[in-house]
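Everything numeric here is computed off the predicted structure, so don't read it as measured data. Naming: A, B, ... by sequence-line order, numbering from 1 per chain.
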Protein chains: 2
Amino acid sequence: MKAAVQKTIDRYLEDRGLRMTRQRRDIIEAVFLSEEHFTAEELMVRAQKLNPRTSRATVYRTLVMLVDAGVLGEVELGKGQRFFDPNFGERPNHSHLICVDCGTVIEFEDSHMEVLEDCLTRRLGFRPSRKSLRIEACCEQVRKEGICENLIKARVGKGAQR
Amino acid sequence: MKAAVQKTIDRYLEDRGLRMTRQRRDIIEAVFLSEEHFTAEELMVRAQKLNPRTSRATVYRTLVMLVDAGVLGEVELGKGQRFFDPNFGERPNHSHLICVDCGTVIEFEDSHMEVLEDCLTRRLGFRPSRKSLRIEACCEQVRKEGICENLIKARVGKGAQR
DNA sequence: GTTCGTGCAAACCGTTTGCACCGAC
DNA sequence: GTCGGTGCAAACGGTTTGCACGAAC
């Protein structure tokens, strides 16, 4: 985990008179173990490897806290599940491109997109805020071959949904 | 309802050997009564005015069908609820701007946005697909006055959530 | 008459919450 | 010792599903 993130969290807790507990430490560690997006359930599994007594409730409560502290992003990927994005703290303006077929998520930053977003938003009488931008698309491989590894994985994993 | 939509639906049913029932007719009528976004629950209320025996299950099943037929759009507005967009059939490329504070949703179309989206998507090796674009922002009124009518309505409606 | 559709209620699934105990400060 | 945190299990809310009955075709 980056030192800046650690510092932000410490500050957040201190400002509010909250405590750094064993469980929070473990869950936070699990959050920043990788740069991948994850669901609450996935985080639970990871956190329970660090501390088997971690409860679902604490995981959810810690996620709310981290999002509120601004070190963790929420991404709407559809399909009824919330995903969390540990790269948010460092690159709060990145966008997501999502394959509608295989679910692959690509993060990208583009200055043109940002400028345009800013213009549009202001033109419509709004102030740009959380800039969570989401494009659904279809990856080349699925397009050409009708299948890709992620799609295979998805099907094996949860029984050919989508 | 536009004739084109009607036609698409008829075609969809016929191609699959499905039937046009009283309930489907009523629910579809309710869907296109206004141009506003709505939730499944809101649609249920409207549909039940047309036919008090309408069941929740049929509403959900009909929604799935209409989205599949391409005459109805799904919008992720966050907050754990799915919204449906009856304007999707006529303007499949419009985007949504959402006020993070009051929940106001503005639909807009912008050719620059589309071009950029197209470029970005291709550059990343994807083929643009459902183009559901979503920007979270904050409306001027909330910005200046800290409140707007929509925010008041939202608070009255469901008890100051958000 | 066959097959698809419907209504009901129960199941589902991700998430939140009330409560009694626990532990950081 | 105090007060915030935790774990558990139950509640929640939106959505889906199994099943027997009903109705298009």
Does the pair B/Y12 and B/V71 meet the rule for a side chain to side chain contact (heavy atoms under 4.5 Å, CB included), with working shown?
CA-CA 10 Å; B/Y12 178 90; B/V71 295; over 6 Å; no

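- Considering only side-chain N and O atoms, A/T58 lies under 4.0 angstrom from the phosphate OP1 or OP2 of D/dG7.
- Minimum atom distance to the side chain of B/R82 is reached by D/dT15, of the listed C/dG7, D/dC8, D/dT15.
- In this structure, CG on A/L50 lies 12.0 Å from CD1 on A/I28, to the nearest 0.5 angstrom.
- Atoms CD (B/E41) and P (D/dC12) sit 16 Å apart, rounded to a whole Å.
- Hydrophobic cluster membership is shared by B/L18 and B/V31, with clusters built from Ile, Leu, Val, Met, Phe, Trp and Tyr side chains linked at under 4.5 angstrom.
- For B/Y60, no side-chain nitrogen or oxygen approaches OP1 or OP2 of D/dT16 to under 4.0 Å.
- Salt-bridge formation is detected for the pair B/E41/B/R56: a Lys NZ or Arg NE/NH1/NH2 atom is positioned less than 4.0 Å from an Asp or Glu carboxylate oxygen.
- The residue among B/M20 and B/T39 whose nearest nucleotide of DNA chain D lies closer to the 5′ end is B/T39.
- The residue A/R24 sits close only to the backbone: its heavy atoms come under 4.0 Å of sugar-phosphate atoms, none of a base.
- Across all strands shown, B/R61 has heavy atoms under 4.0 Å from base atoms, whether or not it also approaches the sugar-phosphate.
- Residue whose closest nucleotide on DNA chain C sits further toward the 5' end, between B/Q23 and A/R25: B/Q23.
- The base of D/dC3 lies close enough to the side chain of A/R19 for a donor and an acceptor atom to sit less than 3.5 Å apart.
- Proximity note for B/A57 (side chain, C-beta onward) versus D/dT17, C/dT15, D/dC8: the nearest is D/dT17.
- Following rounding to the nearest Å, B/E42 (CD) and D/dT15 (P) show an atom-to-atom distance of 11 Å.
- Taking 4.0 angstrom as the limit, A/T21 places a side-chain polar atom (N or O) nearer than this to OP1 or OP2 of D/dT6.
- Distance B/D15 CG to C/dC4 C1': 17 Å, rounded to the nearest Å.
- Within 6.0 Å of CD in A/E36 there are 12 or fewer heavy atoms belonging to other residues, nucleotides or ligands.
- Taking atom CE of residue A/M44 and atom C1' of nucleotide D/dG7, one finds them 11 Å apart after rounding to whole Å.
- A straight line from CZ of A/F38 to P of C/dG14 spans 16 Å, rounded to a whole angstrom.
- Within the nucleic acid shown, A/R56 comes within 4.0 Å of at least one base atom, counting heavy atoms only.
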